[in-house]
Asks: 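Following this message is one structure expressed as structure tokens.
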Amino acid sequence: EMDHPNVSSFPAPADECRVGEDSPTRILFWPQELKLGSNEKNMTAEAGIAALAITIIAVVYRYSLKKKSNSSGQPSQQKNKTDYIVTKIHNQWYNLTDFDHPGGPVALSLVQRRDGTALFESHHPFTKHKKLMQVLSKYEVPKEEESTYGCQLMDERDDGLVYEWDGIESDEFVSDLKALISEYFGKIAKEESLSKITEATKATLARWALVMTLMISFFGTLPLYIHGNWIFIVLTPVLAWLTIANYWHDATHFALSSDWRVNAFMPYLLPLLSSPSVWYHQHTIGHHAYTNIGHKDPDLAHAPQLMREHKSVRWRSTHSNQAHFLRILLVWSIASGIGLNILSDMRSVVKLTYNNAVPCMQRSRSNLAAHLFGRLFYICVAYVWPFFVFPMWKALIWSFVPNAIFSMCFMLNSQINHMVGPCIDASSKNFYKHQIVTAQNFGNDSRLCYYFSGGLNYQIEHHLFPTINHCHLPALAPGVKRICQKHGVPYNVVSGYKEALVAHLAHTAEMAVRP
């Protein structure tokens, strides 16, 4: 019988993991004596921006989602082979076009014409492997019909051979991990009378309260930010980051709600970090499935001309100064706004590949138009509008500084999780062990680290169970650590931001040296 940790020995989850506990974040209310919008021109501009934003969000969301396939059991009428949602799992092709997946059309689109084995395994931790394969068997494509349904990988290198999947369902280490989460969430589901155990893994009411508080606080700062109040040139982007970190990331992992529509819509509400559709390619399909694997993890090659963080990136003379403070400051300042939102995004549209690591499907005309419209709107909201409101000198500051602050918040909380010495070259043929040895936790005893990172400081647990909301990860971490100790799997954790940042900078300096 498996020797897995007793859930009753776990420490209590973080504050927001239980309904009824006080949230450390409170809503910001503006004093009545601040007469916002007294200038009619600014009032009109604010109303126009708000109305335009709502319209664009609705349009981009509508055309960025594929139409939900029918579930009648009858073959769908397709125009061409590429319209079929086919995927290769454990070396077998499946036609999921008519599968009414609980994750909705977004979840199915992630595996279209790809080897979906890694995503399939990591996104179904609660269902017995035998049952999963029984469900899939209904959609199996016979060998002789593969050409009919266009069963061809977008990238032939996507062969699924990175990991060894044979026997994974009976692996003792994997079984211990799954028993851990099944016991923990099974207990919650029973206490709260939930119909499905997966419902217990999503955001709690307290987590939603935190997210709503942060959203109200962020939107509440916008009038003064638009009016040019200097305090809000810092406060507004920091609140934007806190809001994004505590809900956006979870939504793109189907971890915010058990309703796929909520998970699909919420990222389009504040697409400040990246276009959601492109983020799915970069983060979910590429980074999470193939963490720190050269030419498969797109996060290893975001700016290869300026930074070299992995041996798969060819050394250039420009890398010799990459550890210099000014170089890091420059890259971190533009990584999100210029990098993710514009350059990497547009390259993926033109080249149909994200950082030459993740192939992208050709967009339909309506989808492409909506996507480009959304990106243009982002550029206007992030960079252009100050030039219509402020003098040139102030417009330049307002156009650069807030975006730089937001970007640096993102880089601080993303680079220290994987791009450090112990993780960067680690690997394992066991998918679950690979997720652990290539990740690093930080500040697990620090509320600052937890809330400011949105739970990214529990990176190991997040990579093991991406569909579980971050608010549950503090409760699972001790059990995961004990299982790792039992099976001799390295569990990387440091004390907080300072130690993690020092380790990352040391790695950056090491990679600056010519091999």
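What you see is a predicted model, and the numbers here were worked out from it, not measured in a lab. For the numbers below, each heavy atom of this structure counts, side chains included, while hydrogens, waters and symmetry mates do not.
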Asks: Please answer whether the main-chain N or O of G103 pairs with a side-chain N or O of H101 as donor and acceptor at a distance below 3.5 Å.
Replies: yes
Asks: Checking the side chain of T508 only, and the main-chain atoms of A323 only, is there a donor and an acceptor separated by less than 3.5 Å?
Replies: no
Asks: Check this for me: D159, atom CG, are more than 12 non-hydrogen atoms of other residues, nucleotides or ligands nearer than 6.0 Å?
Replies: yes
Asks: Which heavy atom of P474 sits nearest to which heavy atom of Y450, and what is that distance?
Replies: CG-CE1, 3.6 Å
Asks: Is atom NZ of K498 surrounded by more than 12 heavy atoms (other residues, nucleotides or ligands) closer than 6.0 Å?
Replies: no
Asks: Counting only heavy atoms not in K481, do more than 12 sit closer than 6.0 Å to its NZ atom?
Replies: no
Asks: Go through the side-chain N and O atoms of D299 and H418 and say whether any donor and acceptor fall under 3.5 Å apart.
Replies: no
Asks: Assess the pair F173 and H487: is the distance between their ring centroids shorter than 6.0 Å?
Replies: yes
Asks: For W248 and P271, which heavy atoms make the closest approach, and how far apart are they?
Replies: NE1-CA, 4.0 Å
Asks: Are H90 and H129 close enough that their ring centers fall under 6.0 Å?
Replies: yes
Asks: Closest approach of I436 and C484, non-hydrogen atoms and distance?
Replies: CD1-SG, 3.6 Å
Asks: Which value, rounded to the nearest 0.5 Å, describes the distance between K351 atom NZ and C360 atom SG?
Replies: 11.0 Å
Asks: Assess the residue pair Y290 and V358 against the criterion (side chain to side chain contact (heavy atoms under 4.5 Å, CB included)); give the C-alpha distance rounded to whole Å, side-chain angles, the decisive distance to 0.1 Å, and a yes or no.
Replies: CA-CA 10 Å; Y290 303 108; V358 180; over 6 Å; no
Asks: Between T201 and F465, is any pair of side-chain heavy atoms under 4.5 Å apart?
Replies: no
Asks: Tell me the closest heavy-atom pair linking P237 and P402, and the distance in Å.
Replies: CB-O, 3.3 Å
Asks: Is there side-chain contact between L505 and I328, with heavy atoms separated by less than 4.5 Å?
Replies: yes
Asks: Has H472 got a side-chain atom pairing as donor or acceptor with K202's backbone, closer than 3.5 angstrom?
Replies: yes
Asks: Output the distance between atom OH (Y378) and atom CG (N341), rounded to the nearest 0.5 Å.
Replies: 4.0 Å
Asks: Does H302 form a side chain to side chain donor-acceptor pair (under 3.5 Å) with N355? I'd like the steps, not just the answer.
Replies: CA-CA 7 Å; H302 274 299; N355 285 359; 3.2 Å; yes
Asks: Rounded to the nearest 0.5 Å, how far does NE2 of H283 lie from NE2 of H249?
Replies: 3.0 Å
Asks: Give me the atom names and distance for the closest heavy-atom approach of N292 to C423.
Replies: ND2-O, 3.1 Å
Asks: Is the gap between the ring centers of F431 and W165 under 6.0 Å?
Replies: yes
Asks: Between N457 and Y497, do the side chains contain a donor N or O and an acceptor N or O under 3.5 Å apart?
Replies: no
Asks: Is the shortest side-chain heavy-atom distance between F442 and V420 below 4.5 Å?
Replies: no
Asks: Kindly say whether F452 contributes a backbone atom to a donor-acceptor pair with the side chain of W241 at under 3.5 angstrom?
Replies: yes
Asks: Tell me the closest heavy-atom pair linking N492 and P422, and the distance in Å.
Replies: OD1-CB, 3.9 Å
Asks: Under a 3.5 Å cutoff, is there a donor and acceptor pairing between the side chains of Q440 and H504?
Replies: no
Asks: Quick check: do Y451 and L242 have side-chain heavy atoms less than 4.5 Å from each other?
Replies: no
Asks: Would you please test L180 and D176 for side chain to side chain contact (heavy atoms under 4.5 Å, CB included) and show each step?
Replies: CA-CA 6 Å; L180 169 73; D176 282 359; over 6 Å; no
Asks: May I ask you to decide if L456's main-chain N or O and Q459's side chain share a donor-acceptor pair within less than 3.5 Å?
Replies: yes
Asks: Return yes if some donor-acceptor pair links the side-chain N/O of S407 with the main-chain N/O of S336 below 3.5 Å, else return no.
Replies: yes
Asks: Only one of Q282, H253, Q435 clears side chain to side chain donor-acceptor pair (under 3.5 Å) with H288; which?
Replies: H253
Asks: Applying side chain to side chain contact (heavy atoms under 4.5 Å, CB included) between V313 and each of H295, H319, Q305, report the one that passes.
Replies: H319
Asks: Using side-chain heavy atoms (C-beta onward) and a distance below 4.5 Å, is P359 in contact with D158?
Replies: no
Asks: Would you say N417's side chain and N413's backbone share a donor-acceptor pair under 3.5 angstrom?
Replies: yes
Asks: With distance as the sole test, does S257 use its side chain to make a donor-acceptor pair with the main-chain N or O of N263 at under 3.5 Å?
Replies: no
Asks: Would you list the pairs meeting salt bridge (Lys or Arg N to Asp or Glu O under 4.0 Å) in which at least one residue belongs to residues 245-258, sequence neighbours left out?
Replies: R207-D250
Asks: Can a donor-acceptor pair be found, under 3.5 Å and without considering hydrogens, that links the side chain of S109 to the backbone of V106?
Replies: yes
Asks: So how far is it from L177 CG to S182 OG, rounded to the nearest 0.5 Å?
Replies: 10.5 Å
Asks: Hey, what do you get for CG (L343) to CD1 (I334), rounding to the nearest 0.5 Å?
Replies: 7.5 Å
Asks: Could you check if a side-chain atom of Y268 sits within less than 4.5 angstrom of a side-chain atom of S277, using non-hydrogen atoms only?
Replies: yes
Asks: Inspect the contact between E146 and K88 and indicate whether a charged nitrogen and a carboxylate oxygen are less than 4.0 angstrom apart.
Replies: no
Asks: Got K429 and Y163 here, is their nearest side-chain heavy-atom distance under 4.5 Å?
Replies: no
Asks: Within the distance-only criterion (no hydrogens, no angle test), does the side chain of H507 pair as donor or acceptor with the backbone N or O of A503 below 3.5 angstrom?
Replies: no
Asks: Passes side chain to side chain contact (heavy atoms under 4.5 Å, CB included), L235 versus L239? Steps please.
Replies: CA-CA 6 Å; L235 183 59; L239 281 172; 4.0 Å; yes
Asks: Any heavy-atom pair between the side chains of Y94 and V86 that's under 4.5 Å?
Replies: no
Asks: Hey, what do you get for CG (N469) to NE2 (H462), rounding to the nearest 0.5 Å?
Replies: 10.5 Å
Asks: Can you check side chain to side chain contact (heavy atoms under 4.5 Å, CB included) on L214 and Y247, steps first, answer last?
Replies: CA-CA 10 Å; L214 289 171; Y247 98 85; over 6 Å; no
